[in-house]
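Residue numbering restarts at 1 for every chain, and letters A, B, ... go by the order of the sequence lines. What you see below is based on every heavy atom in this structure, not just the backbone, and it leaves out hydrogens, waters and symmetry mates.
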There are 2 protein chains.
Amino acid sequence: MLNEAVETEILPEAGAEPERRVRDRGATERAILAAAKGLLAEEGFQNFGINAVARRAGCDKQLIYRYYGGLDGLVEAIGADLGTWVKDRIPEDAGGMFMLTYGDLMERLALLLLDALRSDPLMRRIVAWEVSENTEQVRRLSEARSKALALWLDRMRGSLAPPKGVDAAAVNAVVIAAIQHLVLAGAAGGQCAGMSLKTSKDWEKAATALKRLVRGVYG
Amino acid sequence: MLNEAVETEILPEAGAEPERRVRDRGATERAILAAAKGLLAEEGFQNFGINAVARRAGCDKQLIYRYYGGLDGLVEAIGADLGTWVKDRIPEDAGGMFMLTYGDLMERLALLLLDALRSDPLMRRIVAWEVSENTEQVRRLSEARSKALALWLDRMRGSLAPPKGVDAAAVNAVVIAAIQHLVLAGAAGGQCAGMSLKTSKDWEKAATALKRLVRGVYG
DNA sequence: CCCCGCTGTCACCAATCGGTGAGTATCTGG
DNA sequence: CCAGATACTCACCGATTGGTGACAGCGGGG
C-alpha cells in the first residue's frame, strides 16, 4: 500500500571506526521501548509490527523477542509506561480547585482533557486502536489507559461530590466520549460531523460547545 | 499477527458437476461489492485487502481490478452505496415532528442516531476507520458518510430552526461525536471511561445521560 | 588465562501481501 | 460453424511479514 519505506540511515562512518554499538542491555531495552512508542504515535497501529519497531530501534528483532517476549510483551510495557501519564498531567494549581462547584470542576476537567489528548499523539493512537480492534494486546493497553484516566480524574476531583439526581458517572462518560472522538476526528480528518477542527478558532468553538453541554447539566 | 486464516470451503462437489459458476458480470460485481461490505463490517479494516475480498467473493482478485479498478475503486463503490443509508433510516413518522421544539427534535435525533449506529456494523467500522487513518480511501468513504449523515439530519430536522444564542452546529457536532465514540467503544471493548456498555440497561443509562446533556442545552 | 554467558547479528523459513500477464472457457453475432 | 468478444482462472512476481536457529564478539568470574 504505502511503499517507499525510508532507508534507515545508520550506515557506519565511512572512514572512522564503524560507530560500534555499546553492549548495554538497559539502553537497548529503552531504545526499543522508545522506538515502539514513537512508531505507534507517529505511524499508528496499522504498520505497528516487530520488523518496524526493530528497524526504528536500529537493532535486530530477535532482541525484542528476548527482552520483551515479542510484540505482546512490548505492548504491555507501553501500557505500564502509561501509568506515568498521570504525573505529567496534574497541574500544580490542582489545590486551587477545592472551592469550586462540581460544574466548575467538570468544565475545567473537560477542557484539560481535551487539550491533554490533543497534544498527546501516542494517547490518541491508543484510543483509536481501542475502538478499532479487540485483541488481547489492545485490551491490555486499554485497561492501562483506562486506569490512568480514572486515576487522573480522581486526583483532580479531590473530595468534591457530584450533585444528586444525575448519574454523574454516565454523564461524564458521555462527555469524555465526546472529547475523545472530537480529538480523534480532528487529528485524523480535520473535522467532525460537519464542524471543522483545524484552526485554534475551530477548537475554541468546540470547547465552547462542550462547556455549554457540561454547564447545561451541572449548572 | 492474527494467523489461522480460515480455509475457504468452496471446494467443488466431489462427485457431481463442480457447481459451475454462471457467467454473469453483474452478479459477480454485486458479489464482490457484497463481499467487500461484509468483510469490512465483520472483520474491520485491518484485514481488508484485495486477496481477502476476492477470497470471500469466491472469485479471482483480477476481477476486482477489472470491474472496480482495484481496492480504491471498490471502496469508492462502497461509499456510493452509503448514499442509500439515508433512505432506510428515515422513520415514517418523521412528519409527526413538525410541532416539536428544537430540544425535542435533537433529543430524538440523538437517540435515533445512537440506535442506528449501534445496529449498523459496517457504518461503525467506517467511523472507526475514519479516526484511525487518513488515506485517500478513507477520505472518500468519510466524505460519503458525512454527506449521508448531513442529508439524514437535514431530512429529519425539516424546517425547524435552532434557538438563537447557541452555536447549534457545534453543539450538535459534539453530541454526534459523543454518540459515535460511545457506540465504537461499546462495540469494541464494551465500555467507555469506566461506564459499561454491554447490556441494554447499560445503554439506557448512556441514552439517559445523553438526553440530559441535550436537554441541558436546548431545554 | 580460558571458558562461559550475555549481547547482538545474520540468514533463512513459510506465509501472505498487492499486482500483472497470459491463458482458458463460454457466449454471441455474422 | 466459426471468429471474436467477454467472463473468468491460473501461475507467477517481488516485497514484506512474523518467527527461529545458528553464530560472532565481548566481558567477567573461576
Using atom [atom1] of [X] as one end and atom [atom2] of [N] as the other, report the distance to the nearest whole Å.
| X | N | atom1 | atom2 | value |
| --- | --- | --- | --- | --- |
| A:Ile64 | C:dT9 | CD1 | C1' | 14 Å |
| A:Gln137 | D:dG18 | CD | C1' | 12 Å |
| A:Glu29 | C:dT7 | CD | C1' | 11 Å |

Identify whether any heavy atom of A:Leu63 sits under 4.0 Å from a base atom; if not, whether one sits that close to sugar-phosphate; answer base, sugar-phosphate or nothing.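 The residue A:Leu63 makes base contact.
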Is any side-chain N or O of [X] closer than 4.0 Å to OP1 or OP2 of [N]?
| X | N | value |
| --- | --- | --- |
| B:Arg23 | C:dT28 | no |
| A:Asn51 | D:dT16 | no |
| B:Thr28 | D:dA7 | no |

Listed partners of A:Asp154 passing side-chain hydrogen bond (donor to acceptor under 3.5 Å, both in side chains), at least two apart: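 Partners of A:Asp154 by the side-chain hydrogen bond (donor to acceptor under 3.5 Å, both in side chains) criterion, ordered by chain and then number, come out as A:Arg157.
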Going by side-chain hydrogen bond (donor to acceptor under 3.5 Å, both in side chains), name the residues that satisfy it together with B:Arg89, two or more places apart in sequence or in a different chain.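 B:Arg89 satisfies side-chain hydrogen bond (donor to acceptor under 3.5 Å, both in side chains) with B:Asp120 once adjacent residues are dropped.
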With sequence neighbours excluded, tell me which residues meet ring pair (Phe, Tyr, Trp, His ring centres under 6.0 Å) with B:Phe45.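 Ring pair (Phe, Tyr, Trp, His ring centres under 6.0 Å) check on B:Phe45 returns B:Trp129.
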Can a salt bridge be assigned to the pair B:Glu204 and B:Lys201 using a cut-off of 4.0 Å between side-chain N and carboxylate O?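 Answer for the salt bridge query: no.
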Using a strict threshold of under 4.0 Å (side-chain N to carboxylate O), is an ion pair present between A:Glu42 and A:Arg56?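 Counted as a salt bridge, because a side-chain N and a carboxylate O are separated by less than 4.0 Å.
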Expected rows: protein N/O vs nucleotides 20-23 of chain C N/O, under 3.5 Å:
from, atom 1, to, atom 2, distance (Å)
C:dG21, O6, B:Gln62, OE1, 3.0

Show, in sequence, the C-alpha distance, side-chain angles and deciding distance for A:Arg140 and A:Glu143, and conclude whether the salt bridge (charged side-chain N to carboxylate O under 4.0 Å, His left out) test is met. CA-CA 5 Å; A:Arg140 300 263 180 86; A:Glu143 195 183 349; over 6 Å; no
Run the side-chain donor-acceptor check on residues 180-195 of chain A: report pairs under 3.5 Å with partners two or more places apart or on a different chain.
from, atom 1, to, atom 2, distance (Å)
A:Gln180, OE1, B:His181, NE2, 2.7
A:His181, NE2, B:Gln180, OE1, 2.7

Distance-only donor-acceptor test, B:Arg25 side-chain atoms vs D:dT6 base atoms, 3.5 Å: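 Looking at the base of D:dT6, it does not pair with any donor or acceptor on the side chain of B:Arg25 (distance under 3.5 Å).
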Once Watson-Crick and G-U wobble pairs under 3.5 Å are found, how is DNA chain D written in dot-bracket notation, 5' to 3', with | for any base paired to another strand? ||||||||||||||||||||||||||||||
